[in-house]
Amino acid sequence: MDGLQRHVLIELKDLTKSFGKNVILKKLNLTIYENEFVTLLGPSGCGKTTLLRIIGGFERADSGAVFFEGKDVANIPPHKRPTNTVFQKYALFPHLNVFENVAYGLRVKKMDKNVIQTKVTEMLKMVGLEGFETRSIQKLSGGQQQRIAIARALVNEPKVLLLDEPLGALDLKLRQEMQYELKRIQKETEITFIYVTHDQEEALTMSDKIVVMRDGDIHQVGTPQEIYNNPVNKYVAKFVGESNLLSGIVKGPTKVKFDGMTFECEQQGFLKDQEVDVMIRPEDVKIVALGRGKIDGTITDVIFKGTYFEIDVTTANRVYAVETTQEYPIGKEVSIRFYPDCIHLMEKI
Amino acid sequence: MIGTVKKAPGGRSPLLKQIKAYIKRPKTALERFKLLGIPYYLILLVLVIIPMILILFYAITTPNKDDAILLTLNNFIAFFQEEGFVGVLWDSIRISGITTIVTLLIAYPLAYIICDYKLKKQALIILLVSAPMWVNMLLRTIAWKQILSTAGPLNAALGWLFGMEPINFLGTDFAVVLGMVYIFLPFMVIPIYNNLSKIDNRLIEASLDLGASRKYTFFKVTLPLSLPGVLSGVTMVLLPSATTLVVPRFLGEGRYFLIGNLIEQKFLKSGLWNYGAAISIILVVVLFIILFLTKKVDRFHKDEEDD
């Protein structure tokens with residue numbers, strides 16, 4: 001995406017919110033651009049849904065401000081905001097059929113009958129549910145209800161679509177299908193999506209930008225690659241993908257010591273003798289013949305995962321998780337090593 | 001209880017053997033569970049179904065000198081021919097209709113407001129709404145008679161405030177409807193409240209999110225979804241208020257002779273059981289027609305039944 005031409009759509013400034021004694025959001029700052037697929041990623045209770053509800057106008061922030069295209073929207077009620085929401089468990093109107101559910105927002109705006117007909121038909125086609133117009137909502141499957149909920153929101157052509165864990169109630173297969181579907185719809189409509197989830201796989205698959213949250217704080221904002229390859233701290237590393245996490249001490253501009261050995265690494269910007277967290281992704285750990293690598297150990301567990309093996313290598317100091325396409329017998333003595341660019345150093349938290 | 005059936009002692013008919021075998025056959029868990037329902041079916045049979053059949057039986061027969069039973073529709077024909085009786089029926093329906101509408105107009109907003117409170121407060125308010133039901137209905141009606149009488153506190157208050165001459169409220173539509181509304185209000189509030197409190201708040205949020213105002217949301221989402229509650233409230237008020245004896249007797253000053261009083265008169269005073277039964281049946285039919293029409297209006301409820 002061309003960074004220079006991007007147009008700021010939403011800006012959050014020092015957003016704070018608490019319910020009673022519980023502080024939900026702590027002075028959050030975030031910028032969201034036009035036509036972005038932004039994912040708020042975090043465990044339950046991290047404040048991601050509250051943040052979404054504040055953007056949608058269902059909750060008020062205690063302090064701080066939300067700007068839509070430079071305008072403070074604190075006093076604008078939900079029905080006057082340029083946002084539409086796809087709710088958790090869809091919240092479709094049970095007393096209306098598929099057509100009327102999708103047409104709801106257009107009827108509110110008192111649009112012409114023929115225009116409504118055209119728009120709803122188009123939208124149902126987009127979500128792949130043509131011909132379902134007169135069906136009752138209760139007779140749809142979870143995936144179909146999901147699509148209707150998206151259609152109902154998108155037909156209003158919002159500037160921003162807010163999605164609150166929309167795939168949470170679906171089974172795995174359907175969830176994966178819907179991830180691609182959502183990404184396609186977002187590209188087609190060129191609408192900004194703000195997507196709330198606790199599922200890292202969903203976040204990695206769909207997002208242009210991931211916002212990793214914890215306890216009301218934003219830990220890191222970045223593209224899926226940035227988040228995966230360069231997590232800022234142990235928490236982000238643990239939340240996105242599998243990893244070997246350990247403590248180390250910086251021994252020079254490109255040197256770090258752990259497991260009683262000094263390793264070459266690429267990371268810069270830490271002080272000598274600073275304690276850091278070290279992350280090594282399992283796919284970056286190489287198993288080599290005994291004596292050929294840096295650390296010796298024994299294969300203690302092998303799990304077949306389809307396209308790769310998940311292997312535990314027990315060494316003197318710890319167990320390393322390794323992902324490799326080659327199978328090793330349990331009990332075999334091996335060595336492991338890492339390339340310098342695979343050793344990722346992070347600030348301690 | 002295991003499959004094999006002992007040979008029945010001689011002399012029993014094969015049919016009886018079959019029945020016994022049927023009763024003693026091994027039962028599935030569901031079948032055994034269903035057996036638990038038997039006492040309730042019996043109660044239903046003895047207290048509801050048999051009496052209904054008896055009423056119907058009385059309504060379509062006529063006593064005869066020879067103790068023979070004659071089928072006849074004369075009881076029904078007599079009702080429609082008797083001067084004033086159709087009027088009594090109409091009066092009953094009119095009064096119960098007004099009562100239902102007034103009760104609904106009070107109960108719906110009340111239930112709606114209750115739902116906005118926190119859960120604990122909701123329970124307390126519902127308790128208060130239903131509290132009068134703990135006091136005997138006769139007492140409450142007589143209390144209203146005192147309040148509404150010319151020498152009662154209402155007239156005293158009106159006289160003191162506005163210097164009005166005492167008015168006799170008793171024997172007016174106002175007094176009878178007031179008494180009925182007072183007695184039947186909880187029967188309307190509770191089903192509507194139950195229904196409203198079950199509506200998912202996210203549906204309201206979804207409507208607001210789609211650009212609808214609060215008012216639009218109420219009429220397009222909340223109201224249609226609460227119609228089943230309204231319907232059961234209407235049923236619970238319309239049916240008993242059409243047949244109540246106590247309220248018209250004490251607050252009607254003898255000017256209100258409703259269908260309930262008519263049935264009472266035929267049964268107890270005149271001993272005309274067959275005629276009384278016929279009147280009951282007519283009333284049931286009329287009320288069912290009214291309910292049926294109400295249900296027709298309630299589109300959502302109908303949709304649910306289709307499922």
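So that the names make sense, note that chain A is the first sequence line, chain B the second, and so on, each numbered from 1. Note: hydrogens, waters and symmetry copies are ignored here, and every other heavy atom, side chains too, is used. Just so you know, these numbers come straight off a predicted model, no measurement behind them.
In this structure, chain B has a heavy atom under 4.5 Å from the side chain of A:N156, while its backbone stays farther away. In this structure, chain B has a heavy atom under 4.5 Å from the backbone of A:L92, while its side chain stays farther away. At a 4.5 Å heavy-atom cutoff, A:R81 makes no contact with chain B through either its backbone or its side chain. Contact of A:F93 with chain B is made through backbone and side chain together, with heavy-atom distances under 4.5 Å.
Applying the salt bridge (Lys or Arg N to Asp or Glu O under 4.0 Å) test to A:D164 and every residue at least two apart in sequence or in another chain returns nothing.
Residues of residues 201-217 of chain B having a heavy atom under 4.5 Å from any heavy atom of chain A, listed by number: B:R202, B:L203, B:E205, B:A206, B:S207, B:L208, B:D209, B:L210, B:G211, B:A212, B:S213, B:Y216, B:T217.
The environment of A:K17 atom NZ is dense: over 12 non-hydrogen atoms of other residues, nucleotides or ligands sit within 6.0 angstrom. Within 6.0 Å of the NZ atom in A:K26, the count of heavy atoms belonging to other residues, nucleotides or ligands exceeds 12. Other residues, nucleotides and ligands place no more than 12 heavy atoms under 6.0 Å from the NZ atom of B:K121.
The two residues B:S226 and B:I199 come nearest to each other via the heavy atoms N-CD1, 4.2 Å. In terms of heavy-atom proximity, B:M180 sits nearest to B:I95 at CE-CG2, 3.6 Å. Closest approach of A:Y90 to A:P166, counting heavy atoms only: CE2-O, 3.7 Å.
The salt bridge (charged side-chain N to carboxylate O under 4.0 Å, His left out) test with A:K159 singles out one residue from A:E69, A:E34, A:E190, and that residue is A:E69.
Comparing A:P77, A:A91, A:G56 by heavy-atom pairs within less than 4.5 Å of chain B, the highest count is held by A:A91.
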